[in-house]
**Q** 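Could you have a look at this structure, given as C-alpha cells, before my questions?
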Amino acid sequence: MSPKHLEYQTKLIEIGEALGYSCRRSFRKNAMGDAVWLDRTSAKYARTMLPVAAFKVLYFETGKEIQEALMTLQVISPALGVLVVVEEEYARRAKELKKYDAETYPQHIHRMAERIKRGVELTFRVEVWGQADVDRLYRENVEEMLSL
C-alpha cells in the first residue's frame with residue numbers, strides 16, 4: 001500500500017464520518033473495499049448496517065485489477081460504488097513506461113476505468129473519481145467543519 005493510497009483511504013473515511021455515516025475500511029473479509037459508508041439507521045430494520053457507498057482506491061492497478069476492484073464493489077453491493085484513481089501514483093509509475101508519460105498514463109487509467117464501469121452501469125451504480133473529487137469533498141465536509 002502506498003502512502004497516497006492510505007491518504008485517500010483515510011480521507012474517504014473522514015468524509016463519510018463528517019456526513020454522518022458509520023465508516024469502515026472494509027465491509028467484510030470476503031468483500032474488502034478501501035472505504036465503506038454505512039447507513040446507521042438501517043440497523044433498525046436490517047440485520048446489519050447497509051452500505052451506502054463503497055470505494056476502491058486505484059494506485060497501481062491495470063485493466064484486470066480494475067475489473068477485480070469493480071467486482072469487489074459489486075459484492076459489497078452499495079447504493080454507489082466508486083473507483084478512485086490516484087493520478088499522482090500513476091504519474092510516478094509512468095517513468096517506467098515507454099508508451100505513456102506522467103500526464104498521459106493517469107488519463108489512460110481513468111479512461112480504462114470509465115470503459116470498464118460502462119459494462120456494469122445498467123445493473124450497478126458506479127462512478128470513477130480522481131483525486132480532485134475526493135479533495136473537494138474533503139475540503140467541503142471535513143476541513144470546513146474543523147474551521148467552524
Side-chain angles (χ1 to χ4, degrees), residues 1-94 102-103 105-148:
M1 184 181 310
S2 80
K4 281 290 176 189
H5 177 272
L6 183 59
E7 175 187 341
Y8 279 86
Q9 186 181 44
T10 301
K11 281 184 176 185
L12 290 164
I13 296 288
E14 291 178 8
I15 294 165
E17 288 171 347
L19 293 172
Y21 295 110
S22 176
C23 298
R24 298 183 194 156
R25 293 197 183 275
S26 64
F27 186 58
R28 291 191 186 115
K29 276 189 175 181
N30 62 348
M32 301 291 283
D34 286 314
V36 182
W37 300 349
L38 302 155
D39 177 29
R40 295 174 195 276
T41 61
S42 62
K44 294 177 182 178
Y45 57 85
R47 291 182 188 184
T48 61
M49 287 187 283
L50 299 176
V52 174
F55 304 85
K56 284 297 285 179
V57 177
L58 308 176
Y59 65 102
F60 74 90
E61 293 82 356
T62 57
K64 183 179 179 191
E65 292 94 358
I66 293 171
Q67 288 175 333
E68 290 170 0
L70 184 60
M71 287 189 289
T72 298
L73 293 176
Q74 287 179 295
V75 169
I76 295 170
S77 190
L80 175 64
V82 181
L83 298 169
V84 178
V85 179
V86 180
E87 291 97 345
E88 285 179 51
E89 287 294 317
Y90 285 101
R92 187 182 60 73
R93 290 189 67 218
E103 185 177 330
Y105 192 48
Q107 292 169 354
H108 165 72
I109 293 298
H110 218 285
R111 283 191 307 271
M112 183 187 315
E114 286 285 347
R115 242 185 351 264
I116 291 169
K117 81 147 184 142
R118 279 194 298 271
V120 299
E121 65 187 358
L122 290 177
T123 59
F124 177 65
R125 283 177 219 72
V126 62
E127 295 183 3
V128 178
W129 293 358
Q131 288 176 253
D133 298 304
V134 176
D135 291 342
R136 179 184 52 77
L137 284 172
Y138 189 82
R139 275 191 311 277
E140 292 172 359
N141 295 286
V142 178
E143 290 176 354
E144 285 184 11
M145 285 183 66
L146 293 174
S147 67
L148 296 177

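In what follows, residues are counted from 1 in the order of the sequence shown.
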**Q** With H5, which of Y90, Y59, F60 fulfils ring pair (Phe, Tyr, Trp, His ring centres under 6.0 Å)?
**A**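 Result: among Y90, Y59, F60, Y59 is the only option passing the ring pair (Phe, Tyr, Trp, His ring centres under 6.0 Å) with H5.
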
**Q** Looking at E65 and T62, would you say the former's side chain and the latter's main chain have a donor-acceptor pair under 3.5 Å?
**A**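 Here the side-chain-to-backbone pair exists.
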
**Q** Hey, could you give me the CG/OG1 distance between L50 and T48, rounded to the nearest 0.5 Å?
**A**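 Answer for the CG-OG1 pair, L50 versus T48, is 5.5 Å.
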
**Q** So for atom CZ, which belongs to R25, do other residues, nucleotides or ligands contribute more than 12 heavy atoms lying within a distance under 6.0 Å?
**A**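 Counting neighbours around CZ of R25, more than 12 heavy atoms of other residues, nucleotides or ligands fall under 6.0 Å, so yes.
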
**Q** Determine, stepwise, if the pair H110 / E87 fulfils side-chain contact (heavy atoms from CB on, under 4.5 Å).
**A** CA-CA 8 Å; H110 218 285; E87 291 97 345; 3.8 Å; yes

**Q** Any donor-acceptor pair under 3.5 Å linking the side chain of W37 with the backbone of F55?
**A**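 The answer is no, because no donor-acceptor pair under 3.5 Å joins these two groups.
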
**Q** Salt bridge check, E89 against R92: does any charged N sit closer than 4.0 Å to a carboxylate O?
**A**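 A salt bridge links R92 with E89.
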
**Q** Check for a donor-acceptor pair, side chain of Q131 on one end and backbone N or O of E88 on the other, with a separation under 3.5 Å.
**A**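 Answer holds: yes.
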
**Q** Please lay out, stage by stage, how L80 and V52 fare under the test side-chain contact (heavy atoms from CB on, under 4.5 Å).
**A** CA-CA 6 Å; L80 175 64; V52 174; over 6 Å; no

**Q** Testing the basics here: between L83 and L73, what is the closest heavy-atom pair and its distance to 0.1 Å?
**A**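 Scanning both residues completely, I find the closest heavy atoms to be CD2-CD1, 3.8 Å.
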
**Q** Check whether any side-chain N or O of R24 sits under 3.5 Å from a backbone N or O of A35 as a donor-acceptor pair, and report yes or no.
**A**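 Absent.
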
**Q** Tell me the closest heavy-atom pair linking P106 and A91, and the distance in Å.
**A**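 Minimum heavy-atom separation between P106 and A91: CG-N, 3.6 Å.
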
**Q** Is E114 paired with K117 through a side-chain N to carboxylate O contact shorter than 4.0 Å?
**A**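 Salt bridge: yes.
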
**Q** Could you tell me whether the side chains of T10 and E7 share a donor-acceptor contact shorter than 3.5 Å?
**A**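 E7 and T10 do not have a side-chain donor-acceptor pair below 3.5 Å.
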
**Q** Quick one: is the NZ or CZ of K11 closer than 6.0 Å to the six-membered ring centre of Y138, and within 45° of its axis?
**A**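 Yes, K11 sits over the ring of Y138.
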
**Q** Quick one: do V128 and L58 satisfy side-chain contact (heavy atoms from CB on, under 4.5 Å)? Show the steps, please.
**A** CA-CA 10 Å; V128 178; L58 308 176; over 6 Å; no

**Q** Minimum heavy-atom separation for A94 and Y105, please, with both atom names.
**A**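 Reported closest heavy-atom pair: CB-CB, 3.7 Å.
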
**Q** Hey, does L12 have a side-chain heavy atom less than 4.5 Å from the side chain of D34?
**A**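 A side-chain contact under 4.5 Å is absent here.
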
**Q** Evaluate the side-chain proximity of F27 to L38: yes if any heavy-atom separation is below 4.5 Å, no if none is.
**A**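 L38 vs F27: side chains touch.
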
**Q** Start with the C-alpha distance between V84 and D133, add both sets of side-chain angles, then the distance that settles side-chain contact (heavy atoms from CB on, under 4.5 Å), and finish with yes or no.
**A** CA-CA 9 Å; V84 178; D133 298 304; over 6 Å; no

**Q** Any side-chain heavy-atom pair from L70 and Q67 closer than 4.5 angstrom?
**A**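 No, their side chains stay 4.5 Å or more apart.
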
**Q** Atom CD of Q9 and atom SG of C23: how far apart are they, to the nearest 0.5 Å?
**A**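 Here the rounded value is 11.5 Å.
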
**Q** Looking at every heavy atom in both P51 and S77, which two are closest together, and how far apart are they?
**A**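 Nearest pair, atom of P51 first, then S77: CG-O, 3.9 Å.
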
**Q** Which distance, rounded to the nearest 0.5 Å, do you find between the NZ of K56 and the CD1 of I66?
**A**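 Output value for this atom pair is 11.5 Å.
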
**Q** Closest heavy-atom contact between V120 and Q74?
**A**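 In terms of heavy atoms, the two residues are closest at CG1-NE2, 3.7 Å.
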
